[in-house]
Undergrad: 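Sharing a structure here in structure tokens format.
Chain letters run A, B, ... following the sequence lines, proteins first, then strands; residues in each count from 1.
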Protein chains: 2
Amino acid sequence: MRRRVSIKDIAAAAGVSHPTVSRALRGQGRMSEATRARILTIAREMGYTPNLVARGLVTQRTYSVGLVVTNIRDPFHSEIIRGVEAVVRAHGYSLFLASTTADPDQELEVVRSFVGRDVDGIVIASSQAGDRYAEMLDELGMPIVLINSHAEGDNVHAVRHDDYAGACAVMEHLLDQGFQRIAFLGLGRSSRVHGERRQAWKEALRRRGLDASVAVSAPESTIEHGVTQVVHLVERARGRWGTPPQAIFCYNDLLAIGAISGLRRLGLEVPQDVAVAGFDDLEVCAHMRPSLTTLRQPRYEMGEDAAQLLLSLLEQDRRAQPKPTEKLYRGELQIRESTQGVSPQTARVG
Amino acid sequence: MRRRVSIKDIAAAAGVSHPTVSRALRGQGRMSEATRARILTIAREMGYTPNLVARGLVTQRTYSVGLVVTNIRDPFHSEIIRGVEAVVRAHGYSLFLASTTADPDQELEVVRSFVGRDVDGIVIASSQAGDRYAEMLDELGMPIVLINSHAEGDNVHAVRHDDYAGACAVMEHLLDQGFQRIAFLGLGRSSRVHGERRQAWKEALRRRGLDASVAVSAPESTIEHGVTQVVHLVERARGRWGTPPQAIFCYNDLLAIGAISGLRRLGLEVPQDVAVAGFDDLEVCAHMRPSLTTLRQPRYEMGEDAAQLLLSLLEQDRRAQPKPTEKLYRGELQIRESTQGVSPQTARVG
DNA sequence: GATGGGGGTGAACACGTGTGCGCTACCCGG
DNA sequence: CCGGGTAGCGCACACGTGTTCACCCCCATC
């Protein structure tokens with residue numbers, strides 16, 4: 001395991017000092033074209049790759065950013081990762097990835113490790129902790145972009161989807177279809193995102209004087225939890241209304257897919273017996289049977305934009321403290337078979 | 001944006017030199033308990049976090065590993081990422097993630113950047129380049145673990161699934177069902193993985209004297225490409241046999257899901273008109289309608305094991321060069337509705 | 001009291017890179 | 001021939017940490 005070649009090795013080979021090599025490689029400072037060309041060819045011949053660790057130490061810029069997600073399994077996050085990674089790499093940055101399975105403490109620990117790595121900035125997606133630790137994040141002294149969390153502080157910025165409006169659109173659609181007994185299949189503890197969707201569900205029902213008491217929460221965002229939790233949900237509905245719900249609004253598509261599967265086991269068909277709506281519009285939704293009504297979030301774009309925002313914060317002058325930015329997206333309702341009664345119209349596929 | 005606190009700051013505050021602080025923090029070297037305790041409390045009070053960049057420069061160990069995947073969109077890779085990340089983080093390492101959309105040159109460039117970052121080791125999943133650049137990887141002078149690629153060289157190890165055996169199992173199942181005109185829906189250029197699955201398809205047919213000429217390849221692993229490519233596949237089958245295929249063996253589940261959707265648009269129902277089998281067993285497969293026959297790869301476990309192998313290589317003595325390891329997995333065939341004729345038996349769900 | 005030994009600590013250097021500043025030539029004008 | 005300007009380059013230091021070695025001091029022992 002031999003040592004990598006450094007600029008000192010090149011310097012020795014070229015008969016110059018290592019600062020000269022450094023300047024030659026970075027095309028900086030004044031020097032004869034002959035020397036520069038010679039150094040460059042020698043560097044290439046020796047297979048030199050700059051040591052970014054050492055460079056980062058002296059320049060205080062590592063050209064790396066950290067990304068924290070709560071659950072890689074959810075394709076929603078995959079797309080965010082993809083967007084962030086693409087932008088970041090296109091700009092010559094590297095990406096640290098960490099997944100914290102919905103544990104706020106883990107989340108904070110991971111952020112700390114990123115700070116120790118001297119990353120230039122951090123993106124946090126669907127944080128559980130963002131709300132509680134916002135002020136602490138602000139004190140980290142480095143730019144942070146949150147995806148789908150609330151932002152406050154000079155260093156903390158945000159890119160987020162208007163979940164409240166989106167959930168309202170879903171609920172209006174369900175109510176327009178004539179459903180009255182609408183249950184909610186939620187997720188985990190109270191994150192900001194969960195709060196908005198649930199709130200929209202509750203208020204939409206209350207405004208029309210309908211019952212908003214039938215809800216359960218899955219511990220994790222997986223299809224399997226949708227399957228098991230929908231059974232409890234139907235039980236509750238039967239206890240409250242004497243019948244299954246007419247429609248179920250699910251926190252996201254994974255739970256919705258599981259719910260449909262679970263309902264089928266109970267002998268309930270979607271949408272004939274129960275309508276089901278999801279959230280996110282995963283790629284598979286249009287290809288399910290029945291195809292799934294859901295609200296499309298531009299998740300790849302959100303990842304891209306979050307990264308873009310972070311990089312622009314890094315590039316600009318440190319002194320020129322910008323005001324915290326907050327970009328807001330609005331998703332599009334995708335109406336498909338799962339909420340369309342007995343004779344579904346042709347679904348929008350793709 | 002104030003400077004972070006370093007061991008020198010602690011040293012000044014404690015009235016000692018920075019080497020003493022270093023030793024105190026690392027619990028190393030002999031020193032009075034009083035001094036050590038004092039330093040530790042001061043460090044905690046000042047909110048010290050070690051600068052891993054500087055530490056990495058001197059120790060030549062960054063406690064970070066790089067992970068290269070070809071396509072984050074595919075849940076198959078999500079699970080691998082999840083496995084690698086979990087193990088790596090549990091051992092105090094950080095993870096660099098890069099996605100190279102099936103471009104071998106990008107792949108190599110990314111590996112180079114990892115080397116520049118001085119990562120301790122690299123995991124490469126489903127490499128397109130692994131076969132071509134194996135010897136170059138070996139010369140990098142750092143341990144590399146490939147997932148589902150061929151390994152050769154002293155530094156290059158592998159964890160892989162026996163795709164050939166798996167594909168044979170799928171084909172045997174299809175042939176047992178009585179299908180004779182079986183088409184193949186492939187993916188992209190010739191990777192090792194693709195070669196094995198296609199080879200199994202071809203040989204299984206040839207052994208029984210059946211026609212193995214109807215195949216197309218999707219450019220990318222997405223549902224949408226499955227939809228469009230299956231149309232071409234049916235066209236070819238009609239040209240060759242005068243009828244659609246009786247069954248389609250798809251390179252993976254995403255393409256299979258798309259294929260089923262595309263067939264439906266053509267007025268062909270699965271499995272009544274055409275049987276479809278996939279590969280990987282994504283979580284959603286059991287919940288499709290029809291549920292999808294496929295071969296389950298232990299992808300999370302493979303990610304875990306790859307990371308574990310890499311870390312064990314890092315921990316052991318450098319001199320004691322181990323022989324290159326190669327671990328082999330065998331997936332399990334999941335027989336479900338999509339290949340089960342008109343009256344499907346109860347699918348194994350979950 | 002001299003000597004030895006060992007525990008505790010700091011000075012110096014290293015890791016690989018970037019940068020401010022000063023030094024040496026050389027060229028050219030006066 | 002002298003002086004000033006400038007092009008080309010090296011010295012020294014910095015970044016934050018780890019490590020080797022030598023040093024000092026205190027105590028025990030002969």
Side-chain angles (χ1 to χ4, degrees), chain A residues 1-40 42-43 46-64 92 113 115-120 141, chain B residues 1-40 42-43 46-64 92 113 115-120 141:
Chain A
M1 200 147 324
R2 70 199 170 294
R3 207 171 48 81
R4 295 231 317 269
V5 11
S6 75
I7 59 172
K8 284 187 185 170
D9 301 323
I10 300 176
V16 295
S17 71
H18 74 269
T20 301
V21 175
S22 171
R23 281 185 281 257
L25 292 174
R26 314 185 62 244
Q28 199 204 37
R30 18 170 234 211
M31 58 195 306
S32 77
E33 261 324 302
T35 319
R36 166 159 291 150
R38 186 161 45 95
I39 291 176
L40 289 181
I42 291 181
M46 299 181 71
Y48 171 73
T49 17
N51 186 326
L52 299 177
V53 175
R55 177 180 294 172
L57 184 59
V58 51
T59 60
Q60 304 289 25
R61 293 267 283 149
T62 56
Y63 289 92
S64 65
S113 87
V115 174
R117 295 279 173 191
D118 228 3
V119 298
D120 295 335
Chain B
M1 197 146 326
R2 69 201 171 292
R3 207 170 48 79
R4 294 231 317 270
V5 12
S6 75
I7 59 173
K8 285 186 185 172
D9 301 324
I10 301 176
V16 294
S17 71
H18 75 269
T20 301
V21 175
S22 172
R23 280 186 287 255
L25 292 173
R26 314 183 60 243
Q28 198 203 37
R30 14 169 235 213
M31 60 194 304
S32 75
E33 260 324 302
T35 319
R36 165 160 292 150
R38 186 161 47 96
I39 291 176
L40 290 182
I42 291 181
M46 298 180 72
Y48 171 74
T49 19
N51 186 325
L52 300 178
V53 175
R55 177 179 293 171
L57 184 59
V58 50
T59 60
Q60 305 291 23
R61 294 266 284 150
T62 55
Y63 289 91
S64 65
S113 87
V115 174
R117 295 277 172 193
D118 229 1
V119 298
D120 295 335

Undergrad: If I take atom CG in residue B:L57 and atom P in nucleotide C:dT17, what distance separates them, rounded to the nearest angstrom?
TA: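 It works out to 9 Å between those atoms.
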Undergrad: Got a second to check how far A:E33's CD is from A:L40's CG, nearest 0.5 Å?
TA: 8.5 Å
Undergrad: Restricting both atoms to N or O, compile the protein contacts to nucleotides 20-28 of chain C shorter than 3.5 Å, with distance only.
TA:
unit_1, atom_1, unit_2, atom_2, d
C:dG20, O6, A:R23, NH1, 3.3

Undergrad: Contact class for A:V16 vs. all strands (heavy atom < 4.0 Å): base, sugar-phosphate, or nothing?
TA: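 Sugar-phosphate: the residue A:V16, judged by heavy atoms under 4.0 Å, touches backbone atoms but no base.
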Undergrad: Tell me the interatomic distance from A:I7, atom CD1, to C:dT17, atom P, rounded to whole angstroms.
TA: 5 Å
Undergrad: Using a 4.0 Å heavy-atom cut-off across all strands, classify B:S6 as base, sugar-phosphate, or nothing.
TA: sugar-phosphate
Undergrad: Taking the nucleotide of DNA chain C with the closest heavy atom to each, which residue, B:E33 or A:K8, is nearer the 5' end?
TA: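 Nearest-nucleotide comparison on DNA chain C picks B:E33.
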Undergrad: In Å and rounded to the nearest 0.5 Å, what is the CD1 to OG distance from B:I7 to B:S22?
TA: 5.0 Å
Undergrad: Give, for atom CG of B:L25 and atom OG1 of B:T20, the distance between the pair rounded to the nearest 0.5 Å.
TA: 10.5 Å
Undergrad: On DNA chain C, nearest-nucleotide positions of A:P50 versus B:R36: which is more 5'?
TA: B:R36
Undergrad: Does C:dT19 have its OP1 or OP2 closer than 4.0 Å to a side-chain nitrogen or oxygen of A:Q28?
TA: yes
Undergrad: Working to the nearest 0.5 angstrom, can you tell me the gap between B:Q28 CD and B:R23 CZ?
TA: 8.5 Å
Undergrad: Send over the distance from A:R61 CZ to C:dT17 P, rounded to a whole Å.
TA: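 Answer to the nearest Å: 19 Å.
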Undergrad: I'd like to know if the side chain of B:R36 and the backbone of B:M31 have a donor-acceptor N/O pair within less than 3.5 Å.
TA: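 Absent.
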Undergrad: Determine the sole option in B:I42, B:D9, B:I10, B:I39 for which the side chain to side chain contact (heavy atoms under 4.5 Å, CB included) test with B:Y48 is passed.
TA: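 The option that passes is B:I10.
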Undergrad: Taking all non-hydrogen atoms of both residues into account, name the closest pair between B:A11 and B:S17 and its distance.
TA: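 That closest heavy-atom pairing would be CB-C, 3.6 Å.
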Undergrad: Give a yes or no answer on whether the side chain of A:T62 reaches the backbone of A:D118 with a donor-acceptor pair at less than 3.5 Å.
TA: yes
Undergrad: Which is the 5'-most and which the 3'-most nucleotide of DNA chain D that has an atom under 4.0 Å from a heavy atom of chain A?
TA: D:dA7 to D:dG16
Undergrad: Output the rounded distance in Å from CD1 (A:I10) to C1' (C:dG18).
TA: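 Rounding to the nearest Å, CD1 of A:I10 and C1' of C:dG18 are 15 Å apart.
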Undergrad: Say you draw a straight line from CZ of B:R55 to CZ of A:R117; how long is it, rounded to the nearest 0.5 Å?
TA: 9.5 Å
